[in-house]
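Shown next, in C-alpha cells, is the structure this report addresses.
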Amino acid sequence: MTAADNEGAAAAAPDPDPDEAQRAIEYCYSRGWSDGLPLVPVSQPLLDAFLATTSKDPDEIIGALEQVGRDVNVRTAAINAAMAGCKPEYFPVVLAAFEALMRERAARGGGFQSTSGPSPLIVVNGPVREELGFNTAGGAFGPGFRPNATIPRAVGLIVRNAFGIVPHVLEQATQGLPGRWQVCIAENEEESPWEPFAENGGVAGGVSAVSATLTRTMEFVDNRHTPNHEDVLRDLQDTISRIGSQIFPRSSVALVLCPEHAQMFANAGMSKADVQNWLLERCGRTGAELTSMGKAEVNTKTFHGPYEGDEAFHKFLAGPTSIPVIVAGAKNAAISMVVRIFGEWSGTAVPVGEKK
Amino acid sequence: MPNAILDPTGTVTSSAKPAAPRAPRLASLRGKRVGLLINTKMNARPFLEEVGRLLRERYDVTLTERVKVNFAVPEPEDVIKELAAEADAIITGVGDCGSCSAAAAADGVVLEAAGVPVAAIITDSFIPTADAMAALRGAPGYKYATTAHPVAVLTQDKVKERAAQVLDDVVALLTDESTKAQA
C-alpha cells in the first residue's frame with residue numbers, strides 16, 4: 001500500500017473510535033442478546049448488505065418453534081448473522097445451514113431446550129468453501145477461520161434471540177458441551193476418496209450445499225500405527241459401541257474421518273457404504289452388558305420391553321442415516337472423530353441459494 | 001436515534017400474547033371423568049396411574065388414559081379438543097426434562113383455555129422452564145404440582161409414595177378452594 005492509498009483510505013473511513021465501539025458492544029450485552037462473547041452491533045446499512053445477498057423476501061419465515069410460539073424471518077436471521085461476526089456474503093450459507101438444521105426432527109422438537117444441550121454439526125460442501133475462505137484442511141473443528149466460526153454462532157444466536165431459548169430458562173442443559181454453536185466443518189473433498197457428503201444428502205457434487213444435524217459430543221479415535229484397515233474399523237466400532245452414550249435402543253453417530261483413514265479404507269476397496277455397512281453390522285452390545293449398566297431399564301420402562309436374552313447382540317445403528325460419513329482435517333495423522341448425533345440425521349442437504 | 005443498533009429478537013414478544021383463560025374449578029372430583037395424559041418419560045405411567053388409582057379410591061372417578069404424541073412439544077389442537085371432550089379434569093406429566101416440563105405446562109395452559117381444569121406434575125428442577133413456558137402461553141403464574149427431582153430412577157414403591165404425596169396438591173389444583181375442606 002502506498003502512502004497515497006493510505007491517505008485515500010483514511011479520508012474515506014476515519015480510524016474507528018474504540019470508545020464508541022465498546023459502548024455499542026456493551027449496549028448489546030445489556031439487552032441480553034449475547035451468548036457471552038462480544039457481538040457486532042448491527043446498523044441498517046449492514047443489515048441491508050446481508051439482505052442484498054439473497055433473493056428471499058426479508059419477511060419470509062424460515063423457521064418456527066411451535067412449542068414456544070416463536071418464528072424467525074430472513075431479516076431477523078440476518079441481524080443475528082451480522083451480530084455473530086459473519087460477512088454479508090456468508091448469509092446464504094447461514095440460511096442453508098438453518099434450513100438443514102430445522103429439517104431435523106430433534107431440532108423442531110425439544111432439542112434446543114434439552115438437558116443434553118446438543119450442538120449443531122454443520123457440514124459445507126462445494127465451491128462455496130473456497131469462495132468464502134472456509135478451512136477445509138487441518139483443525140477442521142476449529143478455531144481460526146471466520147466462516148467456520150461465525151456461521152454456527154449465527155445459528156446459536158437465532159435460537160437464543162429469535163426463538164427465545166435462553167440458558168436456565170427455556171434452555172435446560174445439564175452440563176452442555178464444549179463447542180456448542182461452534183462446529184462448522186467444510187469437507188476436505190480434495191483429499192476424500194469418495195463422493196462429497198452433500199451427495200449422500202441428495203445434492204449433486206460440485207454444487208454448494210450445507211448439511212446439519214444435532215450432536216451431543218465427539219470422541220477421537222487415534223489409530224496411526226496399523227497397516228490393516230480392519231484394525232481401524234474395529235477401533236471405531238469399539239468407540240461407537242460405548243454404552244454411556246446409549247439412551248435409546250438405537251443411536252446415531254457421524255463419522256468424521258481424517259483423509260488418511262478414508263484413503264486407507266478406499267485403498268482396501270471399500271466405498272463409503274461398505275464402511276457404513278461394516279459398522280452397522282458390528283456396533284452394539286449384548287443384553288447382559290446393557291443390563292449391567294442400567295441401560296435395559298430405559299428400554300423396559302419407556303419403550304419396547306426388555307432387551308431380549310443376556311447373550312443376544314443388540315445393534316445400535318439402524319441404517320445409513322444413522323452413520324453419515326464425512327472426510328475432514330489434514331492428511332498429517334490418522335485421527336478420526338466419532339460424533340454423537342442427537343436423534344437421527346434427516347439424510348438431506350440444502351443447496352446454498354444464489355441471488356437471482 | 002439516527003443510526004440505531006438493530007434488535008435481533010424479531011417482533012414477537014411474550015407480552016404480546018393474549019391472556020389465556022383458566023378453566024372453572026370443579027366443586028368436587030366425586031364421580032368425575034379424569035384423564036391421565038402420560039408423557040412417556042420414565043416412570044410417568046406408573047406415577048400417573050397411581051395418582052389415578054388413589055383418586056378412584058377416594059372420589060370414585062372414572063379414568064381414561066392417553067399417551068402424549070410427542071413428549072417434547074405440546075399436544076396438537078385436535079387432541080386437545082378430544083381430551084377436553086372426554087374428561088372433566090386432566091392430570092399430565094411427569095415433566096422431568098427441558099422440553100417435556102415446558103410441554104406439560106403448555107398443555108396445561110391450553111387445556112385450561114379449552115375449559116378443563118388441569119393438574120400438571122413437574123419435577124422441582126424444572127420450575128423456571130415451566131414458568132417461562134406458561135408465561136409465553138399467556139398464563140404467567142400458572143399453577144402446577146411439583147415433586148422432587150429425579151423421578152426416573154425411583155423404584156415402583158417409591159413412585160407410589162411420591163404419587164400419594166402429590167395427591168392433595170393435585171386435588172387442590174382441580175377443585176374449588178372453598179369445597180376442598182369438605183372433600
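Quick note on labels: first sequence line is chain A, next is B, and so on, each numbered from 1. Everything quoted here is computed from the prediction, not taken from an experiment.
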Measuring heavy-atom distances to chain A, does [X] have an atom under 4.5 Å in its side chain, in its backbone, in both, or in neither?
X	answer
B:D7	both
B:S125	backbone
B:A102	side chain

Under 4.5 Å heavy-atom distance to chain B, tell me which part of A:V72 shows up: side chain, backbone, both or neither.
->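 Neither the backbone nor the side chain of A:V72 comes within 4.5 Å of chain B.
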
Using modelled atom types only, decide if a donor and an acceptor are shared between the side chain of [X] and the backbone of [Y] within a distance under 3.5 Å.
X	Y	answer
A:S114	A:G110	no
B:D124	B:H149	yes
A:D35	A:L37	yes
B:K41	B:C97	no

So which of B:A72, B:P46, B:S99 has the biggest tally of heavy-atom pairs under 4.5 Å with chain A?
->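 Heavy-atom pairs under 4.5 Å are most numerous for B:S99.
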
Scored by heavy-atom pairs under 4.5 Å with chain A, the best of B:G98, B:C100, B:P8 is B:P8

Residue, of A:L46, A:N161, A:L65, A:L47, that accumulates the most heavy atom pairs under 4.5 Å with chain B =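 The answer is A:N161.
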
Leading residue by heavy atom contact count with chain B [cutoff under 4.5 Å; candidates A:T115, A:I158, A:L157] |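 If we count pairs closer than 4.5 Å to chain B, A:T115 comes out on top.
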
Option passing side-chain hydrogen bond (donor to acceptor under 3.5 Å, both in side chains) with A:S346 (candidates A:R103, A:E104, A:R105) = A:E104

Between B:R66 and B:E82, is there a salt bridge with N-O shorter than 4.0 Å?
->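 Salt bridge: yes.
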
